[in-house]
Amino acid sequence: MKVGILGAGQLAKMMALAAHPMHVQTLCLDPKADVCASYVTETRQGHYDDKNTIEQFASEVDFVTFENENIPAQTIGWIAAICPIAPSKDSLLCAQDRILEKNLFDALGIHTPNYRQIDSLSDLTQAVEALGLPALLKTRRFGYDGKGQYLIQEYSQISTAWESLGQENLILEAFIPFEFEVSQIIVRDKRGHIQYYPLTFNEHKNGILRISKAPHMNHDLETMAKNYCKKIAEHFNYVGALTVEFFVKNNQLIANEMAPRVHNSGHWTIEGSVTSQFENHIRAICHLPLGSCEPLGQIAMFNIIGQVPSREKILSIDNAHLHDYGKTAKPNRKVGHVTIQAIDASLFSQAFEAVNNALQG
Ligand code: AMP
């Protein structure tokens, strides 16, 4: 069995690592030449809008999946004519566009920040009147890690915000003064069976995920999050891992965005759950039975941003596992992560402190 993965970054690398023990081979395709999945799997350089490249790629594999949302709809069509692709095209198109995503949340009764579609400066002025300030102006497409966003705090910033985000295809969202952020990851197979990971607590800094902790013990929130994800997955007859990120305010969930793929806030599942999100995603898209998502104690994941510290420093901490993606150091770039996992609460706290200090020092 061979799985084709569009993209060859760290998510593809971790999918490939999870696939190989099951004797599922992987082939990644990425427009870039310098890709970190190449350390563990066959990779190929090619553009998603090149029909010959895509058809050749699809003809060499049994199933196709993707590691990020920026895949043209046309590419999905070319692949689907040759071999199965999952998650579905509709879920991908929805996740590519913040307006479609929010319309879906509304239609399914999932709370989301108030929002307005912005196609002109006058739309923006009217939307600011309607939603009030502060409000976040975002690009509808291609935003990630807080990129493509402008926080409007005063009326005088409206035209600067409009100009700085390219003057088209924008969305204005009410700013939510949330208490904290969580994410829910589920995985659904072809027959409609769903496995649910525990709710994950997430800490961001400057729009980039820094720390995830699981399980986040809040029964009401977790029940709500699982129910929302189930609704979305059933709506799309979804196959694979699905992530939804939420803000929490007054013990209510407010959906920020969905990702039709494995997700950074689920990296902890590699050492921290019976079956990782990567393995379960591969199992789902290959029509194999899903594994348990039970957590193995208390777990935290720290993203390494910019530059990986020395291996010795991290690996000398009890219960810490280092994932160095092998990427070139660059400010604000996710270059690796560290997971800690412990059953004992005091061992967990000690490891947490030690990793936190090591990554800051
Ligand atoms: P995003 O690119 O939409 O995932 O946003 C990145 C981060 O910006 C989120 O994880 C939040 O910390 C923050 N953020 C995004 N949208 C809002 C909002 N409507 N209100 C408050 N904070 C937000």
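Counting starts at 1 for both ligands and their atoms, in listed order.
Nearest non-hydrogen protein atom to atom 12 (O) of ligand 1 is E181 OE2, 2.9 Å. Here the protein heavy atom with the shortest distance to atom 22 (N) of ligand 1 is F178 CE2, 3.5 Å. What sits closest to atom 18 (C) of ligand 1 on the protein, heavy atoms only, is L136 CD1, 3.6 Å. The protein heavy-atom contact nearest to atom 4 (O) of ligand 1 is E257 OE2, 2.7 Å.
Using cut-offs of 30° and 60° for the angle between ring planes, the Y197 and W268 rings count as perpendicular. Below 30°, between 30° and 60°, or above 60°: for H267 and F278 the angle between ring planes is between 30° and 60°, a tilted geometry. Using cut-offs of 30° and 60° for the angle between ring planes, the H323 and H337 rings count as parallel.
Every atom of ligand 1 is numbered from 1 in the order shown, and the set under 4.0 Å from a heavy atom of H204 is 10 (O).
A salt bridge links K102 with E173: the closest approach of a Lys/Arg side-chain nitrogen to an acidic carboxylate oxygen falls below 4.0 angstrom.
Taken from CD1 in I158 to OH in Y150, the straight-line distance is 10.5 Å, to the nearest 0.5 Å. Of the inter-residue distances, the one linking L121 atom CG with L170 atom CG reads 10.5 Å to the nearest 0.5 angstrom. The NZ atom of K2 sits 14.0 Å away from the CZ atom of F63 when rounded to the nearest 0.5 Å.
Residue S212 is tested with N202, N303, T200 for a side-chain hydrogen bond (donor to acceptor under 3.5 Å, both in side chains); the sole match is N202.
When heavy-atom distances to ligand 1 are checked against a 4.0 Å cut-off, I176 comes that close through both its backbone and its side chain. When heavy-atom distances to ligand 1 are checked against a 4.0 Å cut-off, N256 comes that close only through its side chain, counted from C-beta outward. Contact annotation for A174 and ligand 1: only backbone heavy atoms (N, CA, C, O) come within less than 4.0 Å of the ligand.
Ligand 1 lies out of reach of K147, whose nearest heavy atom is not under 4.0 Å from it.
In this structure, atom 6 (C) of ligand 1 has protein heavy atoms in its sub-4.0 angstrom surroundings.
For ligand 1, one of its N or O atoms has an N or O atom of Q149 under 3.5 Å away. Considering backbone and side-chain N/O of P113, none are found under 3.5 Å from N/O of ligand 1.
When the options E173, K138, E101 are ranked by their closest heavy atom to atom 3 (O) of ligand 1, first place goes to K138.
More than 12 heavy atoms of other residues, nucleotides or ligands sit less than 6.0 Å from atom CD of Q167.
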